[in-house]
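When a ligand or atom number is given, it counts from 1 through the structure's own listing order.
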Amino acid sequence: MRVTLWGTRGSLATPGPETARYGGNTSCVGVIGREGTVLVLDAGTGIRRLAASLDASVRRVDVLLTHLHMDHIQGLGFFAPLYRPGVEVCIWGPASNRLTLRERLMRYLSPPLFPVCLRELPSTITLHEVPCGEVDIGEFRVASSLVCHPGPTVGYRIADGRGHVLTYLPDHEPALGPLRFPSLPRAWTSGGALAADADLLIHDSQYDGREYCSHVGWGHSSLTQALAFGTLSDVKHLVPFHHDPGHSDDDLDRLMGEAIEQARPAYRVTPGLEGATFEL
Ligand SMILES: [Zn+2]
Ligand SMILES: [Zn+2]
């Protein structure tokens, strides 16, 4: 599979000269299988460029939403395949205790927040609620389960037929609860089963250590915690992701360098830069 980062920023789109390298678009990752299956992980503002990169012959796209915070759905209304008759768009995402996935999405895709209603879009749209166990989407087997983040939020584990595994946990606070992290075994840690032995883990790294201390319970990880989670999960490659809007490219270079130097992980780490591509 080919994995491309189209949006790496957390919370709020942050364009500008000081964020040009790591990118200003919010969470969106494209996954293209060898047989042509197209998955879109989250619909942040990066989804607009992802859509422009898709071959015109694509007839089905699956959009896998981790949750419905604005930074993960804001680009959905600007996703070109939704406006193409004859294209099937399957949207996967969590319901809440009170509202279905459709009702939750319609809150954004309806006036006054957006001029077009979900039901008016000309593509064929099907909605699927997660978590829902393991499902086959084209050539991929996709697992989802709830993870620690405010509101219903899932992470995804995507395996291809050749045994390669991508795990996507963009908004995740596995350190919430225990006094020390990590102190619990992998099986008792949020996201542990999703990330176990993954070839590539894309994981929340919003804060530095000091920032995390004043944001406990906000649903995100420090870069040091992301590195510890990677070790706990025995991943082969970590991509720190969902950068804080307040962190410039220079800040992120420094934070990545310091945290990696301190943790000395036994696996590869590649900072999450918008436009980066990984082959599994
Ligand atoms: Zn987010
Ligand atoms: Zn969130």
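Annotation: protein N, O or S atoms under 2.8 Å of the Zn ion (ligand 1) (waters excluded) comprise Asp71 OD2, His72 NE2, Asp171 OD2, His242 NE2.
Put simply, Val31 and Val135 are part of the same group of oily side chains (I, L, V, M, F, W, Y) that touch within less than 4.5 Å, one to the next.
Contact record, Trp6 with Asn25: O-CB, 3.7 Å, taken as the closest heavy-atom pair. Of all the heavy atoms in Arg21 and Leu273, the pair that sits closest is O-CG, 3.5 Å. Of all heavy-atom pairs between Gln206 and Ser11, the closest is NE2-OG, 3.2 Å. Taking both residues in full, the closest heavy atoms of Gly44 and Cys28 are given as N-CB, 4.2 Å, listed atom of the first, atom of the second, then distance.
Centroid-to-centroid, the aromatic rings of His149 and His220 come within less than 6.0 Å.
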